[in-house]
Amino acid sequence: MLAKWKLREVIVLSVLAVVFAVVYLLFVQLGNVLFGLFGLIGYDIIFGIWFIVSIIAAYIIRMPGAAFLSETVAATVEVMLGNAVGPQLILSGMIQGLGAEAVFAATKWKNYSTWVLMAAGMGSSVFSFAWGFYVTGFAALSPGYVTAMFFVRLVSGALLAGLLGKYLSEGLARTGALNSFPLGKEHKRNVTV
């Protein structure tokens, strides 16, 4: 998977993963507040933020494995920074990254349109929800509540991971920092047209 990667791609993926590990850790506090206000579904409102690095890394780098690796590295760094979930979080990050990676793989890593990015966020939502259902015992909750949690997470994945990830990536491309990456080149072409 990494045989065709250049050093700059590894560095950008690593930097993104570390930055978003910190963001993820900070959002745990907001998730706790929302949990206090709304119960379990409170986390689902912002769950998409925990998938965003997979969308950003894939959109910028456009190589097989970018979504999976970025989520895995971010989860690992988050554990090292002190997330209370511990090493199980690394497995959760891998599963979330696989959800996004599956969508990009379905396009053969060639389509990075807004709809595909949003679908990748939703892919992470589906994979993470299935994992959460297995690990946390959602089956004990009422089916209607679990269904509501699932749909709220789908929307969060589409908007917070897919759409917000797209806009953050394009904002970074506008600075010129990504000129040697596919997204930066695409941005330059669109500006000169």
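For the numbers below, each heavy atom of this structure counts, side chains included, while hydrogens, waters and symmetry mates do not.
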Inter-residue atom distance [X].[atom1] - [Y].[atom2], 0.5 Å rounding:
| X | Y | atom1 | atom2 | result |
| --- | --- | --- | --- | --- |
| M149 | I41 | CE | CD1 | 7.0 Å |
| E9 | L69 | CD | CG | 11.5 Å |
| I61 | R8 | CD1 | CZ | 10.0 Å |
| Y167 | L163 | OH | CG | 5.0 Å |

Which pair of non-hydrogen atoms, one from [X] and one from [Y], has the smallest distance, and what is that distance?
| X | Y | result |
| --- | --- | --- |
| V103 | G123 | CG2-CA, 4.3 Å |
| S54 | S124 | OG-OG, 4.1 Å |
| A100 | A67 | CB-CB, 4.0 Å |
| F47 | S128 | CE2-OG, 4.0 Å |

TODO: Could you name each residue pair satisfying salt bridge (Lys or Arg N to Asp or Glu O under 4.0 Å) that touches residues 53-69, not counting sequence neighbours?
DONE: R62-E186

Task: Within residues 43-59 or reaching into it, pairs that qualify as salt bridge (Lys or Arg N to Asp or Glu O under 4.0 Å) - sequence neighbours excluded - done: D44-R153

Partners of [X] by side-chain hydrogen bond (donor to acceptor under 3.5 Å, both in side chains), sequence neighbours excluded?
| X | result |
| --- | --- |
| S113 | N111 |
| N179 | none |
| T72 | none |

Task: Any residue meeting ring pair (Phe, Tyr, Trp, His ring centres under 6.0 Å) with F151, in chain and number order, not counting sequence neighbours - done: none

TODO: Apply ring pair (Phe, Tyr, Trp, His ring centres under 6.0 Å) to F138 and list each qualifying residue two or more places apart in sequence or on a separate chain.
DONE: F129

Open item on the list: Determine whether a donor-acceptor pair (N or O, by modelled atom type, separation under 3.5 Å) exists between the side chain of T175 and the backbone of G171.
Closed with: no

Open item on the list: Is the shortest side-chain heavy-atom distance between M63 and W5 below 4.5 Å?
Closed with: yes

- [ ] Only pairs at least two apart or in different chains count here, so list each ring pair (Phe, Tyr, Trp, His ring centres under 6.0 Å) that has a residue in residues 79-116.
- [x] F104-Y112

- [ ] List for me each residue that meets side-chain contact (heavy atoms from CB on, under 4.5 Å) alongside L178, sequence neighbours excluded, and say none if there are none.
- [x] I60, L172, A173, F181, L183

Task: Parallel, tilted or perpendicular: rings of F27 and W50 (30°, 60°) - done: perpendicular

Applying side-chain hydrogen bond (donor to acceptor under 3.5 Å, both in side chains), which residue pairs with at least one partner in [range] are found, sequence neighbours left out?
| range | value |
| --- | --- |
| residues 11-28 | Y24-E71 |
| residues 77-90 | E78-N83 |
| residues 129-145 | S92-W131 |

